Amino acid sequence: MNIHQYDLLVKFSTLRKPFVYFILGGPGSGKGTQCELLSKNLKYVHLSAGQLLRNAIKNNSEHKSTIENCINNGGIVPSHVTINLLDKAIFEDISSDTFLIDGFPRNYENMENWIALMDNKINFKSVIHILCSRTTMIQRITERSKTSGRSDDNIQTLEKRFIRYQNDTYKIIEHYRNKNQLIEINGDNSIEIVQREILESLNQLNNK
Ligand code: UDP
Ligand code: MG
């Protein structure tokens, strides 16, 4: 790369304002699965907040014990830790201009801090909420627990994660519903049907 190209790249990256979607839903609602498919179908980048936190534990981050405690108790990691990981992941990746953030924001504090720190750096598009019955979610997590190796895929932690979702995440969803920035999809259907419905909604939104 020559100096001129390098200059352009730097300019481009500081001017770049990536598009962002939040994908929300209870534990086992299919966020991860659907995001993987969307990233294949639309060339968007999938960022799982939970996965970034689990990686931070593996990499012995300075916040390792805080993160571990929150995850094992179905709690929510302090916003600045999660936002910092997301910020880095978004701005280190120039492979796409659109990012799917899966599993964040989880509570009002997450959302307010995100708005304060990130809103002017990105173009926010919409929340995609995968609405799923508790029976389906329990069935899927029970199945997943056989192979996931996740310390939080057990019935005790799952109960706490349901409570956090119902009490905290729901407020985020209502907030975006009132702003008309919510896409809601029935997550009890098959993977293919859910994917098709999300793709249709995104198509509508982006061709408005
Ligand atoms: N978590 C968090 N903040 C986030 C995302 C995840 O604190 O922004 C923690 C929280 O304890 C959650 C766990 O990580 O229960 C697992 O999150 P993940 O999204 O991987 O679980 P899923 O909902 O997909 O089953
Ligand atoms: Mg997930």
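Small disclaimer: the values here were computed from a predicted structure and weren't measured. For the single chain, residues carry numbers from 1 onward in sequence order. Remember, it's 1-based here, ligands and their atoms both numbered in the order they're listed.
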Evaluate Ile185 against Ile183 for side chain to side chain contact (heavy atoms under 4.5 Å, CB included), listing each step before the verdict. CA-CA 7 Å; Ile185 303 286; Ile183 292 172; 3.9 Å; yes

Looking only at non-hydrogen atoms, which of [options] approaches [atom] most closely?
atom	options	answer
atom 10 (C) of ligand 1	Gly75, Ser151, Gly74	Gly75
atom 14 (O) of ligand 1	Ile23, Ile71, Leu24	Ile71
atom 13 (C) of ligand 1	Ile76, Asp152, Thr169	Asp152
atom 6 (C) of ligand 1	Arg140, Arg106, Arg54, Arg164	Arg106
atom 1 (N) of ligand 1	Leu85, Leu53, Leu52, Leu86	Leu53

I'd like to know if the side chain of [X] reaches the main chain of [Y], judged simply by a donor and an acceptor atom lying under 3.5 Å from each other, with no hydrogens or angles considered.
X	Y	answer
Asn207	Asn203	yes
Gln181	Val127	no
Gln195	Glu192	no

Is the shortest heavy-atom distance from the side chain of Phe91 to the side chain of Pro18 under 4.5 Å?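 Of all side-chain heavy-atom pairs linking Pro18 with Phe91, at least one is under 4.5 Å.
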
Pairing of Arg140 and Asp153 as salt bridge, 4.0 angstrom limit: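 Looking at Arg140 and Asp153, the cut-off is not met.
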
Measuring from non-hydrogen atoms of Glu68 to any atom of ligand 1, is the shortest distance under 4.0 Å?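 Heavy atoms of Glu68 never come under 4.0 Å of ligand 1.
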
For Lys160, state whether at least one heavy atom is located under 4.0 Å from any atom of ligand 1.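 False for this residue.
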
Between Phe22 and Trp114, how do the two ring planes meet: parallel, tilted or perpendicular, split at 30° and 60°?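 Taking Trp114 first and then Phe22, their aromatic rings stand perpendicular (interplane angle over 60°).
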
Measure up the Phe124 and Tyr176 rings against each other and bin them: parallel (under 30°), tilted (30 to 60°), perpendicular (over 60°).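 Phe124 and Tyr176: tilted rings.
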
Compute the shortest N/O to N/O distance between Thr82 and ligand 1 and return yes if it is under 3.5 Å, no if not.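 Not met; the criterion fails.
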
Under 3.5 Å: N/O of Ser48 near N/O of ligand 1: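 Ser48 vs ligand 1: no N/O contact under 3.5 Å.
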
Between Pro105 and Thr169, which heavy-atom pair has the shortest distance, and what is it?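 Closest approach of Pro105 to Thr169: O-CG2, 4.2 Å.
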
Can you report which non-hydrogen protein atom sits closest to [atom], along with the distance?
atom	result
atom 23 (O) of ligand 1	Lys31 NZ, 2.8 Å
atom 25 (O) of ligand 1	Arg161 NH2, 2.7 Å
atom 21 (O) of ligand 1	Arg150 NH2, 3.0 Å
atom 7 (O) of ligand 1	Val77 N, 2.7 Å

What atoms of ligand 1 come closer than 4.0 angstrom to any heavy atom of [X]?
X	result
Pro27	23 (O), 25 (O)
Gly103	4 (C), 5 (C), 8 (O)
Cys70	11 (O)

Tyr108 six-ring centre to Lys171 NZ/CZ under 6.0 Å and within 45° of normal: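 No.
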
Heavy-atom distances under 4.0 Å decide this one: backbone, side chain, both or neither, for Met137 against ligand 1?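 The answer is neither.
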
Is a side-chain donor-acceptor pair under 3.5 Å present for Gln51 with Asn55?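 There is such a pair (donor and acceptor under 3.5 Å, judged by atom type) between the side chains of Asn55 and Gln51.
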
